[in-house]
2 protein chains.
Amino acid sequence: MLRGDITAAIRNAVMNELAEVGYGRLSIEAVARRAGVGKTAVYRRWSNKLEMVLEIVSGVAERSVPMPDTGSFATDLQLTMFIVSKALQHRIASQIIPDLMAEAARNPKIAETLHRALRTHQTAVGETIVGQAVARGELPKGTDPGIAVDLMIGPLYWHLAVTRTPIDEDYLEKMANAVTAALKAAPAGPPAP
Amino acid sequence: MLRGDITAAIRNAVMNELAEVGYGRLSIEAVARRAGVGKTAVYRRWSNKLEMVLEIVSGVAERSVPMPDTGSFATDLQLTMFIVSKALQHRIASQIIPDLMAEAARNPKIAETLHRALRTHQTAVGETIVGQAVARGELPKGTDPGIAVDLMIGPLYWHLAVTRTPIDEDYLEKMANAVTAALKAAPAGPPAP
DNA sequence: TGACGTCGAAACGCAACCGTTGCGTCGTCG
DNA sequence: CGACGACGCAACGGTTGCGTTTCGACGTCA
């Protein structure tokens with residue numbers, strides 16, 4: 001039962017509608033309209049706007065992120081930042097992600113789903129890379145993985161999702177170098193002048 | 001004409017409503033209800049939801065940010081990060097800012113207003129601090145102000161507005177040290193092993 | 001061939017909000 | 001005192017979306 005092509009059309013419509021109008025203004029009527037489908041077909045699959053969005057979005061988010069292990073922290077880092085920057089510049093993702101982030105601030109279910117996706121698929125990558133680098137002796141032993149992740153992802157997210165200006169290879173390289181330098185100096189006190 | 005206390009009540013209601021339900025679901029009826037005011041009073045002041053929100057929000061954002069000049073980049077930086085972190089942990093601001101950021105991605109007027117506020121009141125601070133530090137010789141001459149701002153604000157924004165876990169003094173100090181180290185090493189190529 | 005279940009379309013009653021209007025009250029200015 | 005204007009309140013007609021229901025068409029399996 002439940003034709004697969006129709007389910008796919010709805011999933012697709014939800015993602016696009018989400019990107020265009022955001023979660024707050026997303027309506028099931030509009031989704032059905034966009035998918036070329038009756039409302040009946042939607043309600044037969046999900047009972048809620050919330051349930052529908054969560055299921056579809058986390059389905060997409062589950063598509064795994066490659067875990068780099070090139071043998072060098074610098075290249076691991078640059079590769080990771082490259083992947084994240086690609087994701088954050090994706091036409092649909094770049095609209096949906098900040099929107100759901102904001103929505104998560106007031107809807108616990110969204111927060112939970114989003115943070116799980118984030119943790120398993122982004123933060124974990126960062127923590128692994130840092131762990132490998134520490135094991136290799138490239139980073140000091142006490143390196144704080146939390147700060148490391150913030151340093152790796154924060155500037156990218158800020159630049160791409162907030163100020164929304166595109167970045168080039170040069171930017172990525174400079175930033176990766178800066179982050180590497182930051183982490184190598186991390187556990188020390190105030191840097192010597 | 002136009003009683004000031006009522007205008008203030010509406011402004012206040014808009015900020016709170018914005019924090020609770022977000023721009024997308026904000027309704028003028030709810031604002032008036034919350035302010036204890038007739039819809040008439042609202043429409044007499046602004047003609048649009050958009051116009052109203054923009055005027056009120058940019059009014060709030062205009063409250064200027066202090067420009068630190070302590071004579072040392074490290075303290076300037078830490079002070080700035082402290083201020084930004086306070087702002088991003090404010091109950092209302094922490095809800096409204098990400099919401100409007102997301103909304104800006106699809107509404108050019110919001111984007112314009114928000115980016116102007118951002119540029120004049122945050123980015124400018126960062127660029128000034130970096131400029132001073134370069135003039136003092138604390139940072140290398142070619143230091144890229146754009147990257148510097150991303151490094152200073154990005155991790156804070158990511159941590160506070162996205163992952164939404166609180167931070168302490170220790171975190172701030174570690175992060176400030178890391179950022180300083182990053183910027184001192186910035187214009188160089190791949191760091192020596 | 002017939003039974004079953006999904007499909008699109010359309011309509012249902014209900015609720016919320018839009019932006020506007022008319023009404024009667026109240027405070028202020030002249 | 002009288003005119004004026006902002007105020008609240010309530011109602012307007014119109015739109016949009018909710019979640020449900022009914023209908024006939026179609027496809028699939030037995």
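Throughout, a chain's letter reflects where its sequence line sits, starting with A, and its residues are numbered from 1.
- At a cut-off of 3.5 Å, with distance as the only test, no side-chain donor of A:Y23 or A:N107 sits close to an acceptor on the other residue.
- Checked against D:dC18, D:dA6, C:dC7, the side chain of A:I28 finds its nearest nucleotide in D:dC18.
- Between A:L2 atom CG and C:dG8 atom P the separation is 11 Å, expressed in whole Å.
- A:T165 and A:H159 form a side-chain donor-acceptor contact under 3.5 Å, judged by distance and modelled atom types alone.
- Among A:T113, A:V14, A:I110, A:L18, the single residue meeting the side chain to side chain contact (heavy atoms under 4.5 Å, CB included) criterion with A:V57 is A:L18.
- A:K49 places a side-chain N or O within donor-acceptor distance of the main-chain N or O of A:L26, the cut-off being under 3.5 Å.
- Between B:Y43 atom OH and C:dG19 atom C1' the separation is 5 Å, expressed in whole Å.
- B:R3 places its CZ atom 12 Å from the C1' atom of C:dT25, with the value rounded to the nearest Å.
- You'll find that the side chain of A:E29 is closest to D:dC18, out of C:dG5, C:dG19, D:dC18.
- Straight-line distance from the NZ atom of A:K49 to the P atom of D:dT20: 16 Å, rounded to whole Å.
- Counting only heavy atoms from C-beta on, B:V37 has its side chain closest to D:dG8 among C:dC7, D:dG8, D:dA6.
- In this structure, A:M1 atom CE and C:dA3 atom P are separated by 19 Å, rounded to whole Å.
- At C:dC7, one or more side-chain N or O atoms of A:R44 fall inside 4.0 Å of OP1 or OP2 (strictly under the cut-off).
- When heavy atoms are screened at a 4.0 angstrom cut-off, A:R25 is found touching no nucleic acid atom at all.
- Computed from coordinates, the B:D5 CG to C:dG27 C1' distance equals 12 Å when rounded to whole Å.
- Listed for the A:D76 side chain is a donor-acceptor partner under 3.5 Å among the backbone atoms of A:T70.
- Of the listed nucleotides (C:dC17, D:dG8, C:dT20), C:dT20 has the atom at the smallest distance from the side chain of B:K39.
- Following rounding to the nearest Å, A:R33 (CZ) and C:dA10 (C1') show an atom-to-atom distance of 14 Å.
- One finds a side-chain N or O of B:R45 lying less than 4.0 angstrom from the OP1 or OP2 phosphate oxygen of D:dC7.
- Side-chain N/O atoms of A:T40 and base N/O atoms of C:dA9 include a donor-acceptor pair closer than 3.5 Å.
- Going from atom CH2 of B:W46 over to atom P of C:dG19 covers 14 Å, rounded to whole Å.
- Heavy atoms of B:S47 sit nowhere under 4.0 angstrom from any nucleic acid atom.
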